[in-house]
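Let me give you the structure first, and then I'll get to my questions.
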Amino acid sequence: MKFIAIIPARYASTRFPGKPLAILGGKTVIQRVYEQVSRVLDDVYVATDDDRIFQCVEQFGGRVVMTRSDHKSGTDRIEEAVEKIQTDADVVINVQGDEPFIQPSQIETLMHLFDIPSTQIGTLGKHFESMEAVENPNSPKIVTDQRGFALYFSRSIIPYIRGVERNEWFDKFPYLKHLGIYAYRREVLREITLLPQSSLECAESLEQLRWLQNGYRIRVGITEVETVGIDTPEDLAHAEAILTDPSSFFTKKSTR
């Protein structure tokens, strides 16, 4: 099976304009993402709508595709990039352009989800480490079936544990956090970008609910590695600290 990774990267950002070009440990964030993904895959591209990002990627020797600026999601941008590349890959991996510490093990876990033919879309989950983290609506929760296929994603706490005091819930169920890395079979990527927004997607502001609501099957791989997204200048400072001592962050395991 052949895989290709596309890294969508926009310059515009409400909280941190230009973050793909922010310097982290002497390299731009987008270069660090590209280099991490390239540790696993040979076929890696950045998809951008900005000349500055385009030129940056070319300068460090990466492959880059210019895309339109009116895409509503990274998924749409990836579909345009794949069409332009004319790849023959079976599976397209979507790695966020603000994840400079994406780990090879996470990408490999995602790839192995497609070992079974019924996987149409793959993503990752990590067990929460505290009830406080579970209660954060900015960290979507996943519930899956016995084979690891997603039943639902929600910003609310799912499942609700009936007959148990809320402060005991964390000890009663292995709550699963969604990490926003995806992979799609090539034909599925094309199909889902043609779907209109769904009612569940609009309610929760989670794009993956559009796919579930239209009957697509999303298989969830489990990782014990946390992600480190760069959404704000404060996140960049945190990332610099991790570069100084990466072992203290990436060896953390679930407390279960």
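Just the heavy atoms: all of them, side chains too, but no hydrogens, waters or symmetry mates, feed the values below. Note that the structure is predicted; figures quoted are calculated from it, not measured.
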Item to check | Neighbour count above 12 (heavy atom, 6.0 Å) for Asp42 CG | outcome: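 No, not enclosed.
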Next on the checklist: Quick test of your reading: applying salt bridge (Lys or Arg N to Asp or Glu O under 4.0 Å), list the pairs with at least one residue in residues 99-108, sequence neighbours left out, ordered by first then second residue.
Outcome noted: none
Checklist entry - Can you name the side chain to side chain contact (heavy atoms under 4.5 Å, CB included) partners of Thr223, sequence neighbours left out? => result Gln106, Leu124, Lys126, Leu179, Val225
Checklist entry - Under the ring pair (Phe, Tyr, Trp, His ring centres under 6.0 Å) rule, what pairs show up with a residue in residues 188-209, not counting sequence neighbours? => result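 Sorted pair list comes back empty.
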Next on the checklist: Once salt bridge (Lys or Arg N to Asp or Glu O under 4.0 Å) is applied, do any residues pair with Glu234, and if so which ones, sequence neighbours excluded?
Outcome noted: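 Glu234 satisfies salt bridge (Lys or Arg N to Asp or Glu O under 4.0 Å) with no residue once adjacent residues are dropped.
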Checklist entry - Hey, mind stepping through Thr75 and Glu207 against side chain to side chain donor-acceptor pair (under 3.5 Å) and telling me if it holds? => result CA-CA 9 Å; Thr75 310; Glu207 183 185 20; 3.2 Å; yes
Item to check | side chain to side chain contact (heavy atoms under 4.5 Å, CB included) partners for Pro159, two or more places apart | outcome: Val143, Phe173, Tyr175
Next on the checklist: In this structure, would Met131 and Ile142 fall into the same cluster of hydrophobic residues linked by side-chain contacts under 4.5 Å?
Outcome noted: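 Different clusters.
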Item to check | Partners passing side chain to side chain contact (heavy atoms under 4.5 Å, CB included) against Asn136 (at least two apart in sequence or in another chain) | outcome: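 Partners of Asn136 by the side chain to side chain contact (heavy atoms under 4.5 Å, CB included) criterion, ordered by chain and then number, come out as Asn138, Ser139.
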Item to check | Heavy atoms of other groups near Glu165 CD, more than 12 under 6.0 Å | outcome: no
Next on the checklist: According to ring-ring contact (aromatic ring centres under 6.0 Å, His included), who are the partners of Phe60, at least two apart in sequence or on a separate chain?
Outcome noted: Tyr34
Next on the checklist: My understanding is that only residues two or more places apart in sequence, or in another chain, count here; which of them pass side-chain hydrogen bond (donor to acceptor under 3.5 Å, both in side chains) with Glu80?
Outcome noted: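 Per chain and number, Glu80 pairs via side-chain hydrogen bond (donor to acceptor under 3.5 Å, both in side chains) with His71, Lys84.
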Checklist entry - What do the steps show when you test Ser198 against Gln213 for side chain to side chain donor-acceptor pair (under 3.5 Å), and what is the final call? => result CA-CA 7 Å; Ser198 73; Gln213 201 168 358; 2.7 Å; yes
Next on the checklist: Could you check whether any side-chain heavy atom of Leu200 comes within less than 4.5 Å of a side-chain heavy atom of Leu212, counting everything from C-beta outward?
Outcome noted: no
Item to check | Set of side-chain hydrogen bond (donor to acceptor under 3.5 Å, both in side chains) partners for Lys141, sequence neighbours left out | outcome: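 Once residues adjacent in sequence are excluded, Lys141 has no partner under the side-chain hydrogen bond (donor to acceptor under 3.5 Å, both in side chains) criterion.
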Checklist entry - Does His127 reach the side chain of Leu176, with side-chain heavy atoms less than 4.5 Å apart? => result yes
Next on the checklist: What I'd like to find out is whether the side chain of Arg185 reaches to under 4.5 Å of the side chain of Met1, using heavy atoms alone.
Outcome noted: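 When only atoms from C-beta onward are counted, Met1 and Arg185 do touch, with a gap below 4.5 Å.
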Checklist entry - Can you tell if the side chain of Ile53 reaches within under 4.5 Å of the side chain of Thr28, non-hydrogen atoms only? => result no
Item to check | Ile121 reachable from Ile181 in the ILVMFWY side-chain graph, under 4.5 Å edges | outcome: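 No, separate clusters.
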Item to check | Side-chain heavy-atom pair Ser118, Arg147 within 4.5 angstrom cut-off | outcome: yes
Checklist entry - With side chains defined as the heavy atoms from C-beta onward, is the minimum distance between Ile157 and Arg166 less than 4.5 Å? => result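 Contact flag for Ile157/Arg166 side chains = yes.
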Checklist entry - Is the shortest side-chain N to carboxylate O distance from Glu83 to Arg186 below 4.0 Å? => result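 The answer is yes: the pair qualifies as a salt bridge.
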Checklist entry - Are the side chains of Val82 and Tyr45 in touch, meaning some heavy atoms are under 4.5 Å apart? => result no
Item to check | Residues forming a side chain to side chain contact (heavy atoms under 4.5 Å, CB included) with Arg10, sequence neighbours excluded | outcome: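 Expected list: Ala12, Asp49, Arg77.
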Item to check | Residue list, side-chain hydrogen bond (donor to acceptor under 3.5 Å, both in side chains) with Arg39, at least two apart or on another chain | outcome: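 If we apply the side-chain hydrogen bond (donor to acceptor under 3.5 Å, both in side chains) test to Arg39, skipping adjacent residues, the hits are Gln36.
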Checklist entry - For residues 211-237, which residue pairs qualify under ring pair (Phe, Tyr, Trp, His ring centres under 6.0 Å), counting only residues two or more places apart or in two chains? => result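 Pairs touching residues 211-237 that pass the test: Tyr182-Trp211, Tyr184-Trp211.
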Next on the checklist: With clusters defined by side-chain heavy atoms of hydrophobic residues (ILVMFWY) lying less than 4.5 Å apart, directly or transitively, does Ile85 cluster with Leu41?
Outcome noted: no
Checklist entry - In the single-linkage hydrophobic clustering (I, L, V, M, F, W, Y; side-chain heavy atoms under 4.5 Å), do Ile192 and Phe149 co-cluster? => result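 No, Ile192 does not connect to Phe149 through the hydrophobic network.
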